[in-house]
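Lettering of chains follows the sequences in order, A, B, ..., and the numbering in each one begins at 1. Just so it is clear, the structure is predicted and the values come from calculations on it, not from any experiment.
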Amino acid sequence: MKRTHTCGGLNKANSGQNVLLQGWVENRRDHGGLIFIDIRDRYGKTQLVFDPTLNDETFTKAKELRPEYVIEIEGSVHERPSGMVNPHLKTGEIEVSVNQLAILNKAKTPPFLIVDDVDATEETRLRYRYLDLRRAVMQKNLILRHRVAQTMRQFLDQENFLEIETPYLMKSTPEGARDFLVPSRIHKGKFYALPQSPQIYKQTLMISGYDRYFQIVRCFRDEDLRADRQPEFTQLDVEMAFVREEDIRDVVERLMVEIFARIHNIKIERPFPVMTYDEAMAKYGCDKPDLRFGMPIVDITDIVKHTEFKIFQMTAEQGGMIGALCVKGAASYSRKQIDLLNQFVLDMGGKGVLNAKVGADGWESSLKKFLTPEQEQALNERLHVREGDLILIIAASKAEVQRYLGELRLKFGKQENLIPENSYQHVWITEFPMFEYDDEADRFVAMHHPFTSPVDSDVEMLDTNPELVRAKAYDLVLNGHEVAGGSIRIHSSEIQSKVFSLLKISKDEAQEKFGFLLEALQHGAPPHGGIAFGLDRLIMILAGRQSLRDVIAFPKTTAALSLMDESPSGVSPEQLKDLGLRIENTKG
RNA sequence: GGGGUCGUGGUGCAGUUGGUUAGCACAUCGGCCUGUCAAGCCGAAGGUCGCGGGUUCAAGUCCCGUCGGCCCCGCCA
């Protein structure tokens, strides 16, 4: 038999109809002479009523029903008696009086009830992921994910993009994250790597003339996990030829507008604000600022460096910075609360944080005696201080001040509830530095990736001041999360070689690892660039979740295990032999 | 690699300065019950306290190791 409706599809208009439903038993309320069952599928729930006066045999069979049994029923829809309507249920105005019941499959007692506010630890949920995914909230997240992916495909198709697949078995490359390796059976002792992203392939496709490419693609990075980091994750990968940075931002912004309109029915304003990396670091101490609230970092070095306070003097003399945050209305913080803030900074490796409460008579602080009234006034103006505010001050190197105050700012955002709900603040971060110095490796490393083009006016500095060279790289930041990042690529093999040599990648090594790309660049490479979205993160934000695990069907734990299927696992000696591998005992 | 926190019937938790028979809720099983929607009422069963070692007259509790969940640092172009 075939179902006539889903468990979320019936309403008053179906009254009187005979229907056939299939689904899972969510809940049984047995009154002895009358049994209520909620039947569930991914479309919703419907209340079933079993009444012995309607069909005694069916009623008797209904006594056997238990949670998660799979059943098929046939019965008639009727409006519920007055006062019995359940307003929390889409189908709450009706119920189905069951005439025939078939148990399609029994179920063991589930380890937890399949309800939204589930009473189980995440560990249990992951072990029984198939049951967890049966819950409506989880289904909602995966449905949202599907709809976002479909919106992306439709939008990009309309914009003339082609979806092209690239290999999952590729060459291991230096730079970037640790690769997942796949041993080759045919070529013993050699390995494929799973892609960290399809970067090289998509650039190759540009050279091949597929001037608008996209792919919703799995990527792999063998690094430690976080709430927002999984070893395999999905990117919306995009690349375009004959474009400048602005053209890519334009497409991306219109795509985001489309997604928010379709998913949340929200109109997003564009163009999105643009902030340079330097500005983001200076104002928010972070390259992914959460702009849902203000409280910027304020540089007060010039005002306080001439005070009698030795630490300020010394910091300024040594080229450091004195920075401040003005926390609105936090003058009521207790000594204990302020001690906790100080400890927070100490835990990050800082030397602590100075504070001043602003009362009716000005600053209440151990710093007060070092300040002239003019200095205090100047600080009040620069920090936009009002009575009742708390001022926090850190003196250290510029990088430290930015980091500590940036973290403090985020801490206040959460603990003072400064972040409005259902608010979405996009911002582009641009002009990233090309290189960072890696102390451990004692060389420059690419901040984005080694194919990123320098800003035109900075090209000369590649030879003189590589640390000052800015890149044509851009991140899209949403509510403090990096949701997309990209760059304009180098399309000149000359500049590409120069960048490799700055990264201390030898000619031989470059040839060995990226030789085909370097060669391809000499065969008519158009100017090109692109961007990649962290799809999981975007979905997480859209779904209002705090963890990627809630928007991935089968995620790994923080120890990179899958609790349901128990991967990774050992393999047989035969499998190892086929691959020419031997396992070393790494213990001891 | 490091730090924090947690691990106790099927599930979620409590368990005091180490001390009698490890307690509660939900689920499960049995009984009663015709308007519930977290149904209700009565009763029952269910536990090597993650695992291994140690201290002690005595360990769920203290110590060491180990495995696992979560959060963070490092790491993640």
Worksheet item: B:C29 phosphate, OP1 or OP2: any side-chain N/O from A:R66 under 4.0 angstrom?
Response: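 Yes, because at least one side-chain N or O of A:R66 sits under 4.0 Å from OP1 or OP2 of B:C29.
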My understanding is that only residues two or more places apart in sequence, or in another chain, count here; which of them pass salt bridge (Lys or Arg N to Asp or Glu O under 4.0 Å) with [X]?
X	value
A:K498	A:D463
A:D339	A:R335
A:E400	none
A:E223	A:R178

Worksheet item: Got a sec, which residues hit ring-ring contact (aromatic ring centres under 6.0 Å, His included) with A:F50, two or more places apart in sequence or on another chain?
Response: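 If we apply the ring-ring contact (aromatic ring centres under 6.0 Å, His included) test to A:F50, skipping adjacent residues, there are no hits.
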Discussion item. Just to verify, what does A:H491 make a ring-ring contact (aromatic ring centres under 6.0 Å, His included) with, not counting sequence neighbours?
Written reply: none
Output one line per pair: protein atom, nucleotide atom from nucleotides 38-42 of chain B, and distance, for all N/O pairs under 3.5 Å.
| from | atom 1 | to | atom 2 | distance (Å) |
| --- | --- | --- | --- | --- |
| B:A39 | OP1 | A:N27 | OD1 | 3.3 |
| B:A39 | OP2 | A:N27 | OD1 | 3.3 |
| B:A39 | OP2 | A:N27 | ND2 | 2.0 |
| B:A39 | N6 | A:D30 | O | 2.8 |

Quick one: which residue pairs count as a salt bridge (charged side-chain N to carboxylate O under 4.0 Å, His left out) with a foot in [range], not counting sequence neighbours?
range	answer
residues 59-78 of chain A	A:R40-A:E68, A:E68-A:R134
residues 472-490 of chain A	A:E239-A:R489, A:D456-A:K472
residues 543-556 of chain A	A:E122-A:R549, A:R125-A:D550, A:E232-A:K556, A:R545-A:D550

Worksheet item: Where along nucleotides 6-12 of chain B does protein come under 4.0 Å, by heavy atom, of base (B) or sugar-phosphate alone (S), with - for untouched nucleotides?
Response: ----SSS
Worksheet item: Got a sec? Which of residues 466-485 of chain A come in under 4.0 Å of RNA chain B, heavy atoms?
Response: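 Heavy-atom contacts with RNA chain B come from no residue of residues 466-485 of chain A; none.
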